[in-house]
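Below is one structure; the comments refer to it alone.
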Amino acid sequence: MTSIASLPFTIEVKVAEGSVIFHSKKHSRPAFYRQRNSLNFASLRGFGHSRTAENECSKGFSSLMTRVMAARRDSMDGVSTEDALEATIEQSKKVLTMQGELLNQISLRSKTLVASVKNGTILHAEEESSVEVKKDDPFISNLSSGNELAPSLEEVEGNIFSSEEESFSLSGTQVYEPATTGPDFAKDEPDGTPFPARNLPLIADATSPESLETYVLPPFVSNISETTIPRVDKGIEEIAGHLEADKEENKPMVENAGPSPPLAGANVMNIILVAAECAPWIKTGGLGDVAGSLPKALARRGHRVMVVIPRYSNYDKLQDSGVRKTYRVDGQDIEVSYFQTYIDGVDFVFIESHVFRHLEKNIYGGNRLDILKRMVLFCKAVVEVPWHIPCGGACYGDGNLVFIANDWHTAMLPVYLKAYYRDNGLMKFTRSVLVIHNIAYQGRGPVDDFFHVDLPEHYIDNFRLYDPVGGEHFNIFAAGLKTADRIVTVSHGYAWELKTTEGGWGLQNIISENDWKFRGIVNGIDTREWSPEFDTHLTSDGYTNYTLETLQTGKPRCKAALQRELGLPVRDDVPVIAFIGRLDHQKGIDLIAEAIPWMMGQDVQLVMLGTGRPDLEDMLKQSQNQHKDKIRGLVGFSVKMAHRITSGADILLMPSRFEPCGLNQLYAMSYGTVPVVHAVGGLRDTVQQFDSFNESGLGWTFDSAESNKLIHALGNCILTYREYKQSWEGLQRRGMTQDLSWDNAAQNYEEVLVAAKYQW
Ligand SMILES: Nc1ncnc2c1ncn2[C@@H]1O[C@H](COP(=O)(O)OP(=O)(O)O[C@H]2O[C@H](CO)[C@@H](O)[C@H](O)[C@H]2O)[C@@H](O)[C@H]1O
């Protein structure tokens with residue numbers, strides 16, 4: 001074996017065994033090509049086949065072999081005869097020729113495949129480096145950048161409320177194969193490096209998909225038939241998918257991937273997060289944000305992570321897994337199929353069924369039973385995903401596996417996991433954690449709803465709940481909380497409130513009884529998506545990206561761009577006050593409405609963005625009509641406007657009556673926008689009151705959800721904005737320099753997952 005360290009890459013050549021391994025160290029992901037007697041191209045599929053590495057190999061190969069021979073000559077110097085040297089040179093030449101041919105073949109076939117890919121067989125050339133996920137948005141403005149003339153209010157409304165589509169760009173996307181013939185990772189990668197930079201199970205699965213068939217499933221398991229649609233072009237597609245995936249720009253942005261040990265150390269596990277929504281595909285609120293970002297942080301810690309959501313629409317760039325299953329829901333057989341993609345180290349799996357289709361504008365819509373049946377189907381299908389859906393060539397399996405279910409929509413999952421499987425000796429090493437994002441929504445119905453969820457009769461007591469308001473009823477969240485192995489909520493403050501009569505919404509006793517398995521973990525934020533430095537919504541229409549260093553120039557530009565876009569007077573000296581959120585009782589938008597007369601007596605501008613209760617939507621519109629030069633009430637859902645408002649506003653109002661965590665105040669602080677909040681739940685945890693004596697704190701808080709308290713806090717905030725510029729800048733800077741990333745929270749989640757894993 002010879003190793004040449006001075007080359008731009010390290011190559012080890014094992015000539016004697018008749019096999020050659022090229023190991024390029026220039027790449028974070030080592031590229032291994034193993035060749036025995038003949039070239040088996042398919043075997044390259046599972047390797048980190050890097051075309052850059054291949055080129056380097058081609059270029060460096062002659063020089064390498066020269067050095068090999070030189071090394072051999074050196075080593076034989078003075079010892080061997082001329083004949084022996086000749087023989088060795090001849091032998092080396094043969095090896096050189098053989099390897100040259102092999103490399104040519106590899107190169108030729110790579111090019112052919114990539115060409116066929118680019119011709120449209122699998123991916124389109126223009127789509128190589130990013131994925132565009134289209135999402136309807138009533139708010140996308142069509143303003144040309146740099147327009148210094150303020151448009152009329154009618155023009156603004158026309159622009160803001162146009163029904164153009166909003167697109168999100170996802171970089172680092174990989175399309176991968178469903179690979180029933182996937183690579184054997186243990187064999188394929190001599191140093192155990194997972195490919196493609198993904199986290200494969202470190203502990204053997206207790207139940208592989210193959211062995212599943214040998215189980216005798218209990219009678220209430222609804223999986224009654226299976227169809228697997230063969231993929232005609234699978235071989236080529238798999239290879240091409242990986243070739244494309246290996247391009248530098250398509251590499252998943254997984255920090256800490258590669259040969260260094262995972263941050264999670266021995267705790268590395270398989271995690272499947274299950275939610276009804278996930279940004280950027282489908283988002284109606286904070287749950288979508290969490291489902292889109294927490295998994296990436298867990299993956300960065302070294303876990304193998306999947307997210308499963310319903311497929312409400314034809315999202316771009318998803319690959320059909322080819323797997324079909326049928327589940328029985330309330331006496332009806334419903335077929336589901338599975339789509340998937342792989343982004344930033346996370347497997348995203350989408351469950352497709354006619355019951356989810358075309359719901360993207362109203363994912364929680366329909367009558368009570370419709371929603372219930374959708375969620376029953378979803379949860380039944382999700383529990384079996386780790387058996388049936390190969391991700392990167394291997395199913396997750398049910399060993400060392402934890403599900404993270406979120407809110408009542410997926411609270412059936414812990415119940416099914418227990419009733420169908422764990423109670424029957426299946427999925428013995430699988431655990432479930434249920435996260436409470438909002439206890440106000442519980443999946444309540446009459447007790448008879450139990451007969452729609454296909455469970456053994458003795459399970460009814462898990463669902464039956466009595467409270468003075470609802471009387472005796474069927475409660476899905478209650479059953480989920482009882483059966484989950486661990487419960488998490490999204491802040492410490494809310495964890496405390498949930499155990500009180502006021503905060504528990506009828507579930508306080510169940511939560512208190514299960515306090516031993518209950519924990520609060522404050523949400524993080526996706527610091528790539530929500531960062532003034534990288535925000536893609538700030539690159540046009542006069543907005544600009546900014547950092548702590550450019551805060552004093554960048555933020556005023558965003559403020560001017562916002563005022564211009566909304567048709568408000570462009571003035572730097574007037575504080576812009578913002579509200580973004582669902583228009584409902586929780587968010588306290590009515591308290592803002594009560595404070596508007598006072599606010600309009602001040603020299604301020606108010607921008608409100610939200611959807612929800614019709615009366616509150618009307619309030620937004622009426623306020624705007626009454627104060628055209630000071631108020632904008634934007635009714636609708638626009639991610640782009642949410643980002644732009646966060647960057648351009650000076651102050652963010654969050655007078656929520658209750659707030660499990662709240663993300664907007666976190667986004668605001670990271671953009672140098674100062675929050676004024678009702679000190680409740682996660683708002684109390686995350687916004688420390690400003691202290692003018694010590695120049696500490698992050699914003700203003702008020703201690704009860706009343707408009708006069710809001711006015712008092714906002715008054716002090718505005719005074720500081722106007723009169724105490726240094727204090728204001730200090731507030732902004734402290735907000736912006738906090739570590740609000742998911743990294744800490746992910747570590748805390750990991751502790752919960754480990755605790756669940758070791759609980760019997
Ligand atoms: N009209 C609109 N247009 C564009 N974007 C809009 C919008 N209305 C809201 N959003 C966005 O939706 C998200 C809302 O997140 P929140 O955490 O504030 O509230 P939500 O109550 O939905 O979440 C629940 O779950 C989260 C996550 O755990 C908890 O933080 C929270 O307290 C709990 O109530 C933010 O990203 C916000 O920008």
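These numbers were taken from a predicted model, which means no experiment stands behind them. Ligands are counted one by one from 1 in listed order, and the atoms in each one are counted from 1 as well. Just so you know, these numbers use all the heavy atoms, side chains as well, and skip hydrogens, waters and symmetry mates.
Below 3.5 Å of separation, one finds an N or O of Gly286 facing an N or O of ligand 1. Between Thr284 and ligand 1, no pair of N/O atoms sits closer than 3.5 Å.
Among all heavy-atom pairs drawn from Ser638 and Leu609, the shortest one is O-CD2, 3.9 Å. Met599 and Val604 get closest at one heavy-atom pair: O-CG2, 3.5 Å. Taking every heavy atom of both residues into account, Tyr749 and Val435 meet most closely at OH-CG1, 3.7 Å.
Contact annotation: Gly636 has at least one heavy atom less than 4.0 Å from an atom of ligand 1. In this structure, Lys587 is part of the shell of residues with a heavy atom less than 4.0 angstrom from ligand 1. At least one heavy atom of Lys283 sits closer than 4.0 Å to an atom of ligand 1. Ligand 1 has Tyr667 within reach: a non-hydrogen atom of the residue lies less than 4.0 Å from it. Heavy-atom distances between Gly662 and ligand 1 reach below 4.0 Å in at least one pair.
Side-chain atoms of Arg644 never come within 3.5 Å of backbone atoms of Ala561 as a donor-acceptor pair (strictly under, hydrogens ignored). Distance alone, capped at 3.5 Å, places no donor-acceptor pair between the Thr673 side chain and the Leu652 backbone.
Side-chain contact check for Ile577 versus Val676: every heavy-atom pair is 4.5 Å or farther apart. Using a 4.5 Å cut-off on side-chain heavy atoms (C-beta onward), Val576 and Leu568 make no contact.
Interface atoms of ligand 1 facing Pro660, defined by a heavy-atom separation under 4.0 Å, are 32 (O), 33 (C), 34 (O). For ligand 1, the atoms closer than 4.0 angstrom to any heavy atom of Glu659 are 31 (C), 32 (O), 33 (C), 34 (O). Every atom of ligand 1 with a heavy atom of Val490 under 4.0 Å away is listed here by number and element: 28 (O). Counting the atoms of ligand 1 from 1 in the order shown, those under 4.0 Å from a heavy atom of Val290 are 27 (C), 28 (O).
Of the heavy atoms in Met641, none comes closer than 4.0 Å to ligand 1. In Asn523, the part holding a heavy atom less than 4.0 Å from any atom of ligand 1 is the side chain. Both the backbone and the side chain of Cys661 come within 4.0 Å of ligand 1, judged by heavy-atom distances.
Residues Tyr364 and His409 place their aromatic rings such that the two centres sit under 6.0 Å apart.
A salt bridge links Glu497 with Arg684; the closest basic N to acidic carboxylate O contact falls under 4.0 Å.
For atom 35 (C) of ligand 1, the candidate residues are Leu663, Thr686, Asp289; the nearest heavy-atom contact is made by Asp289. Considering each of Ala642, Ser656, Ser638, the one bringing a non-hydrogen atom nearest atom 3 (N) of ligand 1 is Ser638.
Checked options Asp526, Asp535, Asp289; the residue passing with Tyr667 is Asp289 (criterion: side chain to side chain donor-acceptor pair (under 3.5 Å)).
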